[in-house]
Amino acid sequence: MMIQRSITTNLKAFRMVQPHLLKTGTLRTDLLCTISSFLSSCERDFSSITNGNVCFRERLRSGIVDIKKDDAIALFQEMIRSRPLPGLVDFSRFFSAIARTKQFNLVLDFCKQLELNGIAHNIYTLNIMINCFCRCCKTCFAYSVLGKVMKLGYEPDTTTFNTLINGLCLEGKVSKAVVLVDRMVENGCQPDMVTYNSIVNGICRSGDTSLAFDMLRKMEERNVKADVFTYSTIIDSLCRDGCIDAAISLFKEMETKGIKSSVVTYNSLVRGLCKAGKWNDGALLLKDMVSREIVPNVITFNVLLDVFVKEGKLQEANELYKEMITRGISPNIITYNTLMDGYCMQNRLSEANNMLDLMVRNKCSPDIVTFTSLIKGYCMVKRVDDGMKVFRNISKRGLVANAVTYSILVQGFCQSGKIKLAEELFQEMVSHGVLPDVMTYGILLDGLCDNGKLEKALEIFEDLQKSKMDLGIVMYTTIIEGMCKGGKVEDAWNLFCSLPCKGVKPNVMTYTVMISGLCKKGSLSEANILLRKMEEDGNAPNDCTYNTLIRAHLRDGDLTASAKLIEEMKSCGFSADASSIKMVIDMLLSGELDKSFLDMLS
DNA sequence: CTAGGGTTAG
């Protein structure tokens, strides 16, 4: 006991004199550190002996991972009550562990309590606070902490700036972050790899992969090393853009530079390859990964499950699930949601419900995504009322329906012809404070058009155009189609022609819809001109485009033009769809066509 | 002591 007290006293005294010694330079810094850590370790050893069970020092030393809220609160109380009080290094280590579990508000609560207990912050705990405020999207509070840093006489360091820059990038304010980089330099702090990585990540999130590439080159020019993080971020963006070859070549560049890929790099590449239909390459990459002893994790499996499920390969997905269990990888909520969605998409609702039971048994609480998938499953088999029953149960479970949940149900009602209920649900969504987005409006407008309520759709569309909402090409295509089907081909054409000045580029679907409208109106020559124009604009016609035009020409009795289009379509690798074939057969039976025409179709 | 990448639903 005596020994312990004397060491503790020494440590206290030592902490008091340390800044002085540092300032006067009477002792070398590294020596101080050595002694300091020696004393700290003595303190730790004694604490654990006296305490009996594992105390907070022990836990901090062994590293805290995945700490739950209640556990964190208990640990914090223990720290606050312990005498002598733990140092700020201990608090910082503890807070950062909690921050890693994304419980930012909890950390901020603890910081507040530190202040109430008369413990002053240092630059480290202040940096942690800045990070937490940023990650809670309260950047303005983060700035006020920065003010506090300076008021307390601390120099904001590279970490302080990096934390703020990262916060801005995560909020999508990349240009503001770039401005802060300049201010950082003015303050004598050099941007480092971490700075650039945040910026590269922000740029990639904004979808500008080529700009991220430029940033990578800029880093090299400024002799700031890029690391696996930098490369993986860009590789992932390239994969998302569908630029798989570019992703692979960047992957090779990284390896050539001696930067070893991580499981994250492989996860992105495997996903990208599989989504692009290059299954063999994906499998080869997985093999490569395992042979390099990079261990697949739950995300690797989730990615694979997703691509299998999207291909309808549920059998394989189930085998993958078993493989995960065998390897000791715990499935998470995303694993179950992915599988559940697979069953729903195949209309296998009882198995989807079994999946719900399985996840609960395995201690994974279903979330809003789970129930939204299930609702979609019911809607797909035209059981929208059962979908509504699930929907009404969501809030009883403490979950909140979001825009996706409402959108699926609105669509479900529209497709069941219950347009009135769709509109009511849409109103309910708004009154519950869930903001409809472009997708929700697109679904509603599509439903209104399909159910003979073009005027209502156009009314909402007018309002939307006046709003700040960025209407994508899908929305315009929906309205153009609605107008065409509602006999307002002239209006549709005007809207179509106005797209460029609205800054929207028509896609294959838009052209096809417009071509169909022109055909309906009997303007076949204009439709033909539009077919050539879409090619000039870089939109290759698809099977739907060709079939639409072919049927129109057949209806018109222009067999030569039909035959020419059929040949062209076949040369593009497309074939006649069911509706075109039916039309040809009908015409064959009525004697309008001879059999050679049918032969040409196949 | 501080920062950061990859997975699910419309």
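All values reported here derive from a predicted model rather than from experimental measurement. We name chains A, B, ... by the order of the sequence lines, and we start the count at 1 in each one.
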*Asks:* Can you identify which nucleotide, out of B:dG6, B:dG5, B:dT8, has its nearest atom closest to the A:Asp306 side chain?
*Replies:* B:dT8

*Asks:* What I want to check is whether an N or O donor and acceptor connect the side chain of A:Asp227 with the base of B:dG4 at under 3.5 Å.
*Replies:* yes

*Asks:* Just how far, in rounded Å, is P of B:dA9 from CD1 of A:Ile394?
*Replies:* 16 Å

*Asks:* Side chain of A:Val228: nearest nucleotide among B:dA9, B:dG5, B:dG10?
*Replies:* B:dG5

*Asks:* Compare the minimum distances between each of B:dG6, B:dG10, B:dG5 and the side chain of A:Ile443, then state the nucleotide with the smallest one.
*Replies:* B:dG10

*Asks:* Could you list the donor-acceptor pairs under 3.5 angstrom formed by side chains in residues 203-211 of chain A, with sequence neighbours left out?
*Replies:*
unit_1, atom_1, unit_2, atom_2, d
A:Ser206, OG, A:Ile203, O, 2.7
A:Asp208, OD1, A:Ser210, OG, 3.3
A:Asp208, OD1, A:Leu211, N, 3.3
A:Thr209, OG1, A:Asp241, OD2, 2.5

*Asks:* With a non-hydrogen cut-off below 4.0 angstrom, is A:Thr338 in contact with a base, only sugar-phosphate, or nothing?
*Replies:* sugar-phosphate

*Asks:* Taking only side-chain nitrogens and oxygens of A:Asn302, does any of them come within less than 4.0 Å of OP1 or OP2 of B:dT8?
*Replies:* no

*Asks:* Out of B:dG4, B:dG6, B:dA9, which nucleotide sits closest to the side chain of A:Arg135?
*Replies:* B:dG4

*Asks:* Counting only side-chain heavy atoms from C-beta out, which of B:dT8, B:dG4, B:dG10 sits nearest to A:Asn131?
*Replies:* B:dG4

*Asks:* Measure from the side-chain heavy atoms of A:Thr440 and tell me the nearest of B:dG10, B:dG6, B:dG4.
*Replies:* B:dG10

*Asks:* Among B:dT8, B:dA9, B:dG5, which nucleotide sits nearest the side chain of A:Asn337?
*Replies:* B:dT8

*Asks:* So, OP1 or OP2 of B:dA9: does either fall under 4.0 Å of a side-chain N or O from A:Lys376?
*Replies:* no

*Asks:* If you check the A:Ser232 side chain, which of B:dG5, B:dT8, B:dA9 turns out closest?
*Replies:* B:dG5

*Asks:* When the aromatic ring centroids of A:Tyr476 and A:Phe461 are compared, is their separation below 6.0 Å?
*Replies:* yes

*Asks:* Over how many whole Å does the gap from A:Phe229 atom CZ to B:dG5 atom P extend?
*Replies:* 5 Å

*Asks:* Go through B:dT8, B:dG5, B:dG4 for me and flag the one nearest to the A:Lys310 side chain.
*Replies:* B:dT8

*Asks:* Answer with yes or no whether the side chains of A:Asp437 and A:Thr440 bring together a donor and an acceptor at under 3.5 Å.
*Replies:* yes

*Asks:* Could you state the CZ-P distance from A:Phe104 to B:dG4, rounded to the nearest angstrom?
*Replies:* 7 Å

*Asks:* Among the candidates B:dG6, B:dA9, B:dG10, find the nucleotide nearest to the side-chain atoms of A:Ser407.
*Replies:* B:dG10

*Asks:* Before you tell me yes or no, could you show the steps for A:Phe251 and A:Tyr266 under ring pair (Phe, Tyr, Trp, His ring centres under 6.0 Å), namely the whole-Å CA-CA distance, both residues' side-chain angles and the distance that decides it to 0.1 Å?
*Replies:* CA-CA 9 Å; A:Phe251 164 70; A:Tyr266 277 98; 5.7 Å; yes

